[in-house]
2 protein chains.
Amino acid sequence: MESKIFQEFLSRRGLKLTKERMSVLRQIFSIHGHFDPEHLYLSIRDSDMKASRASVYRTLNLLVESGLVERITRSDKGNVYEHTYGHRHHDHMICTACGEVIEFFSEHLEDLQKMICEQHQFAGTTHTLEIRGNCKACQKRKK
Amino acid sequence: MESKIFQEFLSRRGLKLTKERMSVLRQIFSIHGHFDPEHLYLSIRDSDMKASRASVYRTLNLLVESGLVERITRSDKGNVYEHTYGHRHHDHMICTACGEVIEFFSEHLEDLQKMICEQHQFAGTTHTLEIRGNCKACQKRKK
DNA sequence: TCTGAATTGCAACTCAATCTCAATATCAGT
DNA sequence: ACTGATATTGAGATTGAGTTGCAATTCAGA
C-alpha cells in the first residue's frame with residue numbers, strides 16, 4: 001500500500017521506484033516506531049536488501065516529501081524519523097526524569113493551530129509539539 | 001541585570017565572568033529577536049568586543065544552561081537561539097523556505113495543553129510548539 | 001607576587017548529511 | 001531487441017556546524 005503511494009508520488013515527478021528505494025521503503029515500514037538514518041542504513045545492509053548510505057539519505061528525503069515519513073526531531077546526534085502511513089498524527093510528552101515518551105492527540109489542538117496559522121497568514125504544513133515534564137510514575141517516585 | 005544572573009550562575013559552578021563571556025552576553029542582549037551562532041560570532045568580531053568562535057559556542061552553551069538563552073530550533077543550517085530574560089513565553093512558526101521565524105502566543109492554546117496534561121496525569125513544565133510551513137511572502141513568491 | 005585552576009584561541013577533529021561523477025540501469029519509441 | 005535520453009547508484013570527497021586538545025594566558029585569592 002505504501003509502495004503504491006510512493007510509486008505514484010515518484011512518477012508524478014518523473015522518478016522511478018528502484019530496488020534501492022524499495023529496500024528503504026520496506027525496511028522503514030517493517031520498523032515499529034522511531035528510527036534514525038544510520039540505523040536504517042545498517043539494518044538494510046545486514047538484510048538481504050541493499051542500498052548505499054547515499055541512497056538511504058536520498059530516499060529518506062523523498063519519503064518525507066511524499067508525506068509517508070515524518071521527521072520528528074533533530075537531536076544533536078542527527079535526525080529522528082517515523083513513518084506516518086496508517087498512523088494518525090500525534091504529539092509527544094516526554095518525561096525528563098525517565099525518558100518515557102507518551103503520544104497524544106487532540107483534534108481541538110489541531111483546529112486551534114489551524115486558526116492561529118490563518119490569523120498570521122501562515123501556510124502551516126507540519127508541526128511538532130513537545131511537552132516536557134514528569135510522568136505519573138516519576139511524580140510519585142519523587143515524593 | 002542579565003550579567004548579574006549570569007555572574008551568579010557562573011560562580012555557583014566555580015566559573016568566571018570573563019571579558020569574552022561578557023562580550024557574548026552583551027551582544028546577545030543587544031540583538032532583538034533570534035540569532036544563530038555564526039552571525040553572533042561575526043557581529044562580535046566586527047564590534048570592539050572580541051571572542052573566538054570556540055568561546056562563542058562555549059558561552060552559548062553556558063547561557064542555555066543558565067536559562068538566560070533558549071535554543072528555539074535546530075534547522076538544517078544549524079541552531080537558532082533567542083534570549084529569554086524579560087520575555088513572555090511564546091511559540092514559533094518557521095518558514096521552511098526563507099527561515100523566517102514568527103512568534104505567536106495563544107492563551108487558549110496554553111489552557112488546552114494544561115488540560116491535556118491533566119488528562120494524562122502528566123506534570124508538564126515546559127513545551128515547544130513549532131509550526132513549519134511557508135510565510136506570507138514565500139507563498140506569494142512561489143506563484 | 002606566587003600558585004593553581006579556569007580560560008582562551010587556534011587548529012585539528014567529529015560526524016551527519018550532501019554532493020560529485022563515472023558507471024549502470026531504466027524507459028519510450030522505433 | 002536496439003538506441004538515445006534520462007534517472008540512479010555507490011564510493012569517496014566534501015561541507016559545515018559544533019566540539020575538543022593543548023599550549024599559552026588570565027585571573028582570584030593567599
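Just so we're on the same page: letters track the sequence lines, and every chain starts at 1. All heavy atoms count here, side chains included; hydrogens, waters and symmetry mates do not.
- Remark on DNA chain D: of its neighbouring residues B/Lys16 and A/Tyr41, the 5'-side contact belongs to A/Tyr41, judged by nearest-heavy-atom nucleotide.
- Remark: P of C/dA12 and OH of B/Tyr57 are 18 Å apart, rounded to the nearest angstrom.
- A residue-by-residue look at A/Ser55 and B/Arg53 shows that A/Ser55 has its nearest nucleotide of DNA chain D further toward the 5' end.
- Using cut-offs of 30° and 60° on the angle between ring planes, the pair B/His90 and B/His87 is tilted.
- For B/Asn79, a side-chain nitrogen or oxygen approaches OP1 or OP2 of D/dG18 to under 4.0 Å.
- Inter-axis angle, ends of the helix from C/dT1-D/dA30 to C/dT30-D/dA1, five pairs per end, rounded to 10 degrees: 30°.
- What separates CG of A/Leu15 from C1' of D/dT6 is a distance of 11 Å, to the nearest Å.
- Taking CG from A/Asn79 and CD from A/Glu38, the interatomic distance works out to 13.0 Å, rounded to the nearest 0.5 Å.
- In terms of position along DNA chain C, the nucleotide closest to A/Glu38 lies nearer the 5' end than the nucleotide closest to the other residue of the pair A/Glu38 and A/Arg58.
- Applying the 3.5 Å distance criterion, the base of D/dG18 shares no donor-acceptor pair with the side chain of B/Arg74.
- Using a 30° and 60° split on the angle between ring planes, A/Phe29 and A/His83 fall in the tilted class, from 30° to 60°.
- Residue A/Asn61 places none of its side-chain N or O atoms closer than 4.0 Å to OP1 or OP2 of C/dA17.
- In this structure, B/Phe9 places its CZ atom 15 Å from P of C/dA6, rounding to the nearest Å.
- Distances were taken from every side-chain heavy atom of B/Pro37 (C-beta onward) to each of C/dT18, D/dG18, C/dC10; the shortest belongs to D/dG18.
- Note that CE of A/Met22 and CD of A/Gln27 are 12.0 Å apart. Values are rounded to the nearest 0.5 Å.
- Summarising the geometry, the separation between NE2 on A/His39 and C1' on C/dA16 is reported as 14 Å, rounded to the nearest angstrom.
- Straight-line distance from the CZ atom of B/Arg71 to the P atom of D/dA17: 15 Å, rounded to whole Å.
- Phosphate contact (OP1/OP2 of D/dC27, side-chain N/O of B/Lys19, threshold under 4.0 Å): present.
- When the P atom of D/dG16 is taken as reference, atom CG of B/Asp36 falls 14 Å away, rounded to whole Å.
- Expressed to the nearest 0.5 Å, how far CZ of B/Arg132 lies from CZ of A/Phe122 amounts to 9.5 Å.
- With rounding to whole Å, B/Leu62 atom CG is found 15 Å from D/dG18 atom C1'.
- Here the C1' atom of nucleotide D/dA17 and the NZ atom of B/Lys77 are 12 Å apart, to the nearest Å.
- Between A/Thr18 and D/dT9 there is a side-chain N or O to OP1 or OP2 distance below 4.0 Å.
- Using modelled atom types and a 3.5 Å distance limit, the side chains of A/Arg74 and B/Thr73 yield no donor-acceptor pair.
- Under the 3.5 Å distance criterion, the side-chain polar atoms of B/Thr84 are matched with a main-chain donor or acceptor of B/Gly67.
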